[in-house]
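Here's the structure, in structure tokens; my notes come after.
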Amino acid sequence: MTPIEEYVAELGAHLRLRPEAAERFLAEVEDHLQSAADQEVAAGLEPGEGERAAVRRFGSAREIAFAANGGWFGLGIRSATAIARIGAVGSLAVLAGTLLAEVVARLTSTTAVFGLPASASPSQSSIRHWLAVQPSAHDWRTAAALENADDSLLLRGGAAVLLLVACAVVAGVGSRRYAPVRSNSTLVAPAMAFTLAAGGLLLSALLGARIGDWGRGQALSDAAVALAIGAAYWVSLVRRGRVDARD
Amino acid sequence: MKKERIRGHLDTLLLSVLNAGPAHGYEVVSQLRLRSDGEFDLPEGTIYPALHRLERQGLLSSDWDTDTGRRRRTYRITAAGAASLRAATTEWRRFSASMDAVLGGAS
């Protein structure tokens with residue numbers, strides 16, 4: 001590769017712009033460097049030396065790319081976009097877990113999915129509250145399960161939708177200017193996060209820890225969704241590794 | 001001249017160069033160096049993020065030009081860019097006059 005080709009390749013590797021913006025930037029840079037090199041050759045330098053002189057005058061590829069990527073403000077936007085993308089997936093996971101629990105409850109029973117364990121002994125005020133807000137229930141356990149199911153759909157599902165919309169807006173705005181970073185860390189981090197979350201939720205549901213005690217079925221549904229998403233990230237990581245090795 | 005000081009006024013300098021006529025990036029850098037007698041000598045690549053930013057702000061427009069056989073991007077100042085340049089020039093001259101008055105008085 002010529003010095004100019006090497007420089008343009010290095011600069012391209014550090015750019016985080018959308019493909020069409022990056023392509024335009026690199027085309028302009030290559031033309032500039034060629035013009036500068038031509039002038040150096042006209043002044044008496046050998047072609048290779050002329051290219052190296054042009055590259056030196058142009059500036060460090062990392063620094064030029066940093067400025068082209070929007071500097072510190074651009075870095076902030078890209079970080080917020082990456083976090084919003086993962087947040088959107090997380091919101092979808094919570095929504096999917098909520099809906100999955102609802103489906104399982106309809107296929108089995110609300111008490112089985114959302115009910116308290118048999119050993120639970122809630123306060124009288126809690127029992128009175130559940131029976132008051134769920135008049136169709138024939139006993140307090142059913143009332144508690146129905147109330148948990150309603151709260152789960154409304155509060156968890158509603159919060160997940162709102163967060164999904166907010167994350168989608170942030171990710172959408174950031175993606176208009178910047179391309180997603182294609183590095184393994186953007187897959188490894190969520191893969192590990194979702195896998196660990198699945199493990200934690202599964203353990204808590206099976207061992208009856210506090211989170212799984214109240215609506216164990218919800219925790220199991222969440223664990224299933226988290227495991228599926230974590231597996232999808234690991235598969236993507238393996239596929240990327242195969243593509244990179246082939247290239 | 002310290003690079004940081006130039007960077008703070010780079011937008012105005014680029015608008016001023018392009019106010020004289022359309023030019024591609026390399027010509028802009030050459031004109032900047034020529035008109036400042038070599039005083040403004042930044043790493044040449046730094047002008048491209050600035051040119052693109054000015055274009056996003058509507059102060060410049062650009063298109064591809066293949067007249068020379070090579071594909072190069074030519075920039076031209078817009079009406080909004082010219083207005084921005086006039087405002088920046090007026091502000092600079094006021095500031096410069098005030099500095100001269102203070103520094104001249106100090107000596």
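Naming convention: chains lettered A, B, ... in sequence-line order (proteins, then strands); numbering from 1 in each chain.
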Should we count [atom1] of [X] as having more than 12 external heavy atoms under 6.0 Å?
| X | atom1 | answer |
| --- | --- | --- |
| Glu5(A) | CD | yes |
| Glu46(A) | CD | no |
| Arg76(B) | CZ | yes |
| Met1(A) | CE | yes |

Do NZ/NE/NH1/NH2 and the carboxylate oxygens of Arg57(A) and Glu44(B) come within less than 4.0 Å?
->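 A salt bridge is present here (some side-chain N lies under 4.0 Å from a carboxylate O).
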Can a salt bridge be assigned to the pair Arg73(B) and Glu23(A) using a cut-off of 4.0 Å between side-chain N and carboxylate O?
->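 No, this pair does not count.
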Side chain, backbone, both or neither of Ser62(B) within contact of chain A (heavy atoms, under 4.5 Å) =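 When you check distances to chain A, only side chain atoms of Ser62(B) fall under 4.5 Å.
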Is chain A contacted by the side chain of Arg56(B), its backbone, both, or neither, given a heavy-atom distance below 4.5 Å?
->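 Contact with chain A involves the side chain of Arg56(B) alone.
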Can you find a pair of side-chain heavy atoms, one from His32(A) and one from Val29(B), that are under 4.5 Å apart?
->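 Of all side-chain heavy-atom pairs linking Val29(B) with His32(A), at least one is under 4.5 Å.
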Pick whichever of Gly59(A), Ala21(A), Ala68(A), Ser35(A) has the most heavy-atom pairs under 4.5 Å with chain B.
->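 Of Gly59(A), Ala21(A), Ala68(A), Ser35(A), Ser35(A) has the most heavy-atom pairs under 4.5 Å with chain B.
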Max heavy-atom pair count under 4.5 Å with chain B, selected residue of Gln39(A), Arg56(A), Glu30(A) =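 The answer is Gln39(A).
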Could you give the distance from CZ (Phe25(A)) to CG (Leu51(B)), rounded to the nearest 0.5 Å?
->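 Phe25(A) CZ to Leu51(B) CG: 9.5 Å, rounded to 0.5 Å.
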Do you see a donor-acceptor pair shorter than 3.5 Å between the side chains of Glu28(A) and His24(B)?
->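 Their side chains do not contain a donor-acceptor pair, so the 3.5 Å distance test is not met.
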Between the side chains of Tyr26(B) and Gln34(A), is a donor N or O closer than 3.5 angstrom to an acceptor N or O?
->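 No donor-acceptor contact under 3.5 Å links the two side chains.
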Provide the closest heavy-atom pair for Gly45(B) versus Ile64(A) in the form atom of the first, atom of the second, distance.
->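 Heavy atoms only, the tightest pair is C-CD1, 3.5 Å.
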Part of Arg24(A) lying under 4.5 Å from any heavy atom of chain B |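 Looking at Arg24(A), backbone and side chain both touch chain B.
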